[in-house]
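Here is the structure we will look at, set down as C-alpha cells.
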Protein chains: 2
Amino acid sequence: MIQPDRRKRITIKDVAQAAGVSTQTVSRVMNKVSYVSEGTRLRVETVVENLGYRPSALARSLIQQRSYTLGVVTFGLKYIGPSRTLNGVADKADELGYMLLMKELDNFNSNRIDDVIDSLLARQVDGILWVAPEIGDNHSWVEERMEKTPVPVLFLAMRPRDGIPSVATDNFKGAVMAIQHLLDCGRKKIGHISGPLNWWEADERKRGWRETLQSAGFDASEQHCTEGNWSSASGEQAFIQLLELFPDMDAVFVANDQMSLSVLREASRRGICVPEQLAVIGFDNIPESAYFHPSLTTISQDLQLLGEQAVQNIVEMIQARQGSQSVVPQAVFIQPSLVVRESSRLA
Amino acid sequence: MIQPDRRKRITIKDVAQAAGVSTQTVSRVMNKVSYVSEGTRLRVETVVENLGYRPSALARSLIQQRSYTLGVVTFGLKYIGPSRTLNGVADKADELGYMLLMKELDNFNSNRIDDVIDSLLARQVDGILWVAPEIGDNHSWVEERMEKTPVPVLFLAMRPRDGIPSVATDNFKGAVMAIQHLLDCGRKKIGHISGPLNWWEADERKRGWRETLQSAGFDASEQHCTEGNWSSASGEQAFIQLLELFPDMDAVFVANDQMSLSVLREASRRGICVPEQLAVIGFDNIPESAYFHPSLTTISQDLQLLGEQAVQNIVEMIQARQGSQSVVPQAVFIQPSLVVRESSRLA
DNA sequence: TGATATTATGTTATCGATAACATGTTATCG
DNA sequence: CGATAACATGTTATCGATAACATAATATCA
C-alpha cells in the first residue's frame with residue numbers, strides 16, 4: 001500500500017486510469033455487482049491495492065441518498081446510564097454496518113432541538129436515535145415534529161406514545177418487582193426515595209411503589225416518600241428527611257443505586273442495621289453495587305440491550321422504508337430483573 | 001416552514017428557481033460571503049424560510065474537501081472514564097462547530113484498526129481522536145501509520161511519543177501526590193494495589209508509588225504491591241492478597257476508586273479501622289467516592305477537561321494544515337489534583 | 001472624464017462516486 | 001444459422017453544493 005503523496009486523495013479516476021478501464025468498471029469491481037471479466041477484475045484489484053484506494057463514502061452517500069449512518073442525540077453522557085446505552089448502540093451499529101453521528105444536547109430548548117435534528121439531516125443520516133430522558137414536557141414536540149421528518153426517528157427511555165417508535169426499560173415493572181420482593185421478605189412499612197419526579201422514569205418507579213403497596217393493602221402515602229435528584233448527595237438528604245417523616249419504616253426502595261449508596265452509609269452512621277432493621281433496594285445495578293457494604297439488592301436494567309434493540313429496530317424501519325414498505329411503529333419495553341443481595345436478605 | 005412533500009429533499013435549485021436567481025446567489029446568501037443586494041437577499045431568505053431549505057452538508061463537504069466532522073475512536077465506552085472523556089469531547093466539538101463520527105473498538109487487531117481509520121477517512125473526517133487506552137503494545141502501529149494518514153490524529157491517554165500529538169492525565173504525578181500526601185500524614189508502610197500493569201496508566205501510577213517511596217527512603221518492594229484489573233471484584237482479591245504479603249501496612253494507594261470501594265468494605269469486615277489503622281487513597285474521583293464509608297481520599301483527574309483539550313488541539317492542527325502552516329505536535333499532560341477526605345484524614 | 005474599484009449576478013467546472021443507458025462481444029437455443 | 005440471452009465495458013447524466021471565472025452596472029478617484 002504505497003501512497004505517493006499523502007495529501008492528495010486517490011479517487012476512482014486514478015484507479016481507472018492506472019488500470020486502463022473506465023471508472024464504471026472500477027465501481028463494478030469495488031461493489032461486486034454486474035459483470036466484470038476475471039482478467040480486468042484482477043487488474044483493477046491490483047491497482048486498488050497498490051494505490052491504496054478507498055472509495056469516498058461521502059460521494060457515495062450523495063448519489064445514493066443513503067449514508068449508512070445513524071444520528072444519535074444524547075444527553076448527560078457523563079452519567080453511567082446514557083453511556084452504557086450508547087455502548088449498546090455502538091456495538092449493534094457496528095455489527096450492522098452503520099456509523100454513528102453524535103450530537104450531545106445540553107438543554108431542551110426547542111430551537112436547539114430543531115438545530116440538532118437539522119444538522120443530522122444535513123448529513124444524510126438514515127435514521128435518528130433520541131437517547132435523552134423524558135423530563136417534564138421536553139418531548140412535547142415529538143408528535144408534531146415527526147410528521148415532517150424525512151427519516152425514521154426512534155426514542156429511547158420515552159413514555160410510549162401511539163404511532164411513535166420507542167424502546168424503554170419497564171420502570172414500573174421494575175419497581176413492582178422491587179416492592180414485591182420486599183413484601184415477600186415480610187416488610188410492611190416501605191418508604192421510597194424517588195428520583196426527580198418530573199422525569200418520566202422516576203415517576204414510573206414511584207408509581208410502581210405506590211400501586212404495588214396499595215394493592216397489597218399497605219400504606220403508600222406521600223409522607224412515605226421523599227425526592228432526590230439521582231445523585232448520592234441528594235440521596236443522603238432525602239434519606240434523612242424520610243427518616244423523620246417515617247421513623248418506623250422497615251424497608252426503603254431507592255430509585256437508583258447512587259442514592260442507595262449514601263442511604264447505606266447514613267444508616268450505618270446512625271446505627272441502623274441493614275437489612276435487619278431496614279431493608280434497602282436500589283435500581284440500575286451499577287457494577288459497584290455488588291461491593292457496597294452491605295452489598296445492594298437492586299433492580300437490574302440492561303441498558304446495553306436497550307441500545308442494541310433500538311438500533312435493531314431503527315435499521316428495520318430504514319430497510320422497510322427503502323423497500324417502500326410500511327412498518328407499524330412499536331413501543332418496546334425491556335424487562336428489568338431482580339438481583340437479591342445482602343441489603344435485603346434476612347440472615 | 002412548510003414542507004410539501006416530506007420525502008423529497010429541497011435543494012438549492014428549488015430555492016433558486018422559486019426566488020428567480022441562480023444557485024450561486026442562493027449560496028452567497030446562505031454563506032453570507034461576497035456581494036448580494038439587500039433586495040435579493042431578503043427575497044431569497046424568504047423563500048428559504050418558506051420552503052424550509054437546509055443545505056446538504058454532504059454536498060458541501062464533498063466540494064470543500066472538508067466536513068467539519070471529527071472521527072472519534074473509543075474503547076470501553078461502558079466504563080466511566082471513556083464516557084466522561086467523550087462528554088468533554090462532545091461539548092467542545094459542539095462549541096467549535098464540529099460533529100462527531102464515532103466508532104467503537106472491541107479489540108486491537110491491526111486489521112480492525114486499519115478498517116476503522118479507513119472508514120472514518122472515507123467520510124472525510126477532518127481529524128481523528130483516538131480515545132483508547134494504551135495496553136501492551138497496542139499502540140505500536142502509531143508511528144508508522146501516522147506517516148501516511150492524510151488528516152491529523154491525536155491520541156488520548158497515550159504515553160507521550162516524539163512527533164505524535166497526545167493529551168493525557170499525568171498519572172505519574174497523580175501517584176506522586178497520593179504518596180506524598182500519605183507520607184505527610186506520617187504513614188511509612190505504604191502498599192499499592194495497581195491496575196493491570198500492561199496498561200500504561202496503571203504502570204505510571206505504580207511508578208509514582210515506587211519512586212516517591214524510594215526517594216523518601218522507604219520500602220517499595222514488589223512484595224508490597226498486588227495487581228487488580230480495575231474492577232471492584234478484583235480489588236477485593238488484590239487487597240486480601242496484599243494483607244497477607246504486607247500485614248503491617250499502614251496505608252494503601254489503590255489505582256482507582258472502584259477497587260478502593262471493595263478495599264474499604266473488606267477492611268470494615270475485618271475490623272481494620274480506616275483511616276486510623278489503614279489510610280486508603282484512590283484515583284479518579286468518581287462522584288460516588290465522596291459517599292463511600294468512610295468517604296474516600298483520592299486523586300481527581302479531570303477527564304472532561306482532557307476531552308475538551310484534545311478537541312481544542314486537534315482543531316488547531318486542522319486549521320493550521322488548512323492554512324498550510326505546520327504545527328509542532330505536542331504531547332500535553334493534564335494535571336490531576338488531590339482530594340482529601342475521611343479515608344486518610346487523621347481525626 | 002476616462003480609468004479603476006466596488007457591487008451584483010450569472011455560467012461553467014468540479015468534488016467522487018453511482019445510475020441509467022448504450023453498445024459490442026460471446027454463448028445458447030429453437 | 002439467425003435470434004435472443006448472457007457477458008463485458010464504456011458514455012453520459014446525476015447527487016447538491018461551491019470554486020473559479022466572466023460580465024455588467026454603478027461608484028470613486030486622479
Side-chain angles (χ1 to χ4, degrees), chain A residues 7-45 47-48 51-69 118-119 121-126 150 322, chain B residues 7-45 47-48 51-69 118-119 121-126 150 322:
Chain A
R7 295 313 251 282
K8 194 167 162 296
R9 172 175 269 276
I10 287 142
T11 75
I12 198 169
K13 277 185 201 162
D14 302 322
V15 177
Q17 188 161 23
V21 296
S22 73
T23 61
Q24 190 57 227
T25 299
V26 177
S27 173
R28 288 189 183 109
V29 171
M30 296 302 290
N31 297 294
K32 305 187 205 313
V33 298
S34 184
Y35 308 108
V36 178
S37 73
E38 187 66 11
T40 42
R41 187 166 59 72
L42 281 172
R43 194 148 34 90
V44 170
E45 279 170 351
V47 173
V48 164
L51 297 182
Y53 166 66
R54 303 283 157 181
S56 160
L58 218 58
R60 180 186 284 150
S61 300
L62 188 59
I63 187 71
Q64 295 190 329
Q65 302 287 67
R66 173 114 199 242
S67 63
Y68 286 94
T69 301
D118 284 338
S119 70
L121 292 178
R123 278 163 167 93
Q124 291 277 15
V125 294
D126 297 336
Q322 209 74 8
Chain B
R7 293 313 248 282
K8 196 168 160 296
R9 174 175 268 278
I10 287 142
T11 76
I12 198 170
K13 276 186 200 161
D14 302 322
V15 176
Q17 188 161 24
V21 296
S22 73
T23 61
Q24 190 58 228
T25 298
V26 176
S27 174
R28 288 189 183 108
V29 171
M30 296 303 289
N31 297 294
K32 305 188 206 311
V33 298
S34 183
Y35 309 106
V36 179
S37 73
E38 188 65 12
T40 42
R41 187 168 58 72
L42 281 172
R43 194 146 37 89
V44 170
E45 280 171 349
V47 172
V48 165
L51 297 182
Y53 166 66
R54 303 282 156 182
S56 160
L58 218 58
R60 180 186 285 150
S61 300
L62 188 59
I63 186 72
Q64 294 190 332
Q65 301 288 68
R66 174 120 198 235
S67 64
Y68 287 94
T69 301
D118 284 339
S119 70
L121 292 178
R123 279 165 166 92
Q124 290 277 14
V125 294
D126 298 335
Q322 208 74 9

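Numbered from 1 within each chain, the chains take letters A, B, ... in sequence-line order.
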d(CG, B:L121; P, C:dG16) in whole Å: 14 Å
Are any of A:Q124's side-chain N or O atoms less than 4.0 Å away from OP1 or OP2 of D:dG16? no
With a 4.0 Å cut-off on heavy atoms, is A:Q64 in touch with a base, just the backbone sugar-phosphate, or nothing at all? sugar-phosphate
Can you tell me how far C1' of C:dC15 sits from CZ of A:R60, to the nearest Å? 16 Å
What nucleic acid atoms does B:S22 come within less than 4.0 Å of, heavy atoms only: base, sugar-phosphate, or nothing? base
Measure from the side chain of A:I12, starting at C-beta and using heavy atoms only, and say which of D:dT18, C:dA17, D:dG16 lies closest. C:dA17
Would you compute the distance between atom CD of B:Q65 and atom CG of B:D126 and round it to the nearest 0.5 angstrom? 10.5 Å
Is any side-chain heavy atom of A:S22 closer than 4.5 Å to a side-chain heavy atom of A:T25? yes
Distance, nearest 0.5 Å, that separates OG of B:S61 from CZ of B:R123: 12.0 Å
Between A:S56 and C:dC15, is there a side-chain N or O to OP1/OP2 distance below 4.0 Å? no
Given D:dG10, is OP1 or OP2 found less than 4.0 Å from the side-chain N or O atoms of A:T25? yes
Roughly how far, to the nearest 0.5 Å, is the OG1 atom of B:T11 from the CG atom of B:L51? 9.5 Å
Rounded to the nearest 0.5 Å, the OG1 atom of B:T23 sits from the CZ atom of B:R28 at a distance of 9.0 Å
Any heavy-atom pair between the side chains of B:E45 and B:R41 that's under 4.5 Å? yes
Across the strands shown, which category fits A:T40 at heavy-atom distances under 4.0 angstrom: base, sugar-phosphate, nothing? sugar-phosphate
Find the distance B:R66:CZ to C:dT14:P and express it as a whole number of Å. 23 Å
Is there a side-chain contact between B:M30 and B:V15, using heavy atoms and a 4.5 Å cut-off? no
In whole Å, I'd like the distance from the CG atom of A:N31 to the C1' atom of C:dA19. 12 Å
Where the side chain of B:R28 is concerned, which of D:dA17, C:dG10, D:dT18 is the nearest nucleotide? C:dG10
B:K32 atom NZ is separated from D:dT18 atom C1', nearest whole Å, by 17 Å
In whole angstrom, what separates B:I63's CD1 from D:dA20's C1'? 10 Å
Note down the inter-axis angle between the two ends of the helix from C:dT1-D:dA30 to C:dG30-D:dC1, five pairs each, to the nearest 10°. 40°
Considering only heavy atoms from C-beta outward, does the side chain of B:N31 approach that of B:R60 to under 4.5 Å? yes
Using the closest heavy atom to pick a nucleotide of DNA chain C for each, name whichever of B:L62 or B:R43 lands nearer the 5' end. B:R43
Is any N or O donor-acceptor pair between the side chain of B:R54 and the base of D:dG16 shorter than 3.5 Å? no
Closest-nucleotide mapping onto DNA chain C: is B:Q65 or B:S34 further toward the 5' terminus? I mean the 5' end. B:S34
Does D:dA17 have OP1 or OP2 sitting under 4.0 Å from an N or O in the side chain of B:Q24? no
Hey, is the side chain of B:Y35 poking within less than 4.0 Å of OP1 or OP2 on D:dA24, counting only N and O atoms? no
What is the distance from NZ of B:K13 to P of C:dG10, rounded to the nearest Å? 16 Å
Of the nucleotides D:dG10, D:dA17, C:dT18, which has the atom closest to the A:T23 side chain? C:dT18
Once you round it to whole Å, what is the distance between P of D:dA8 and CD of A:E38? 9 Å
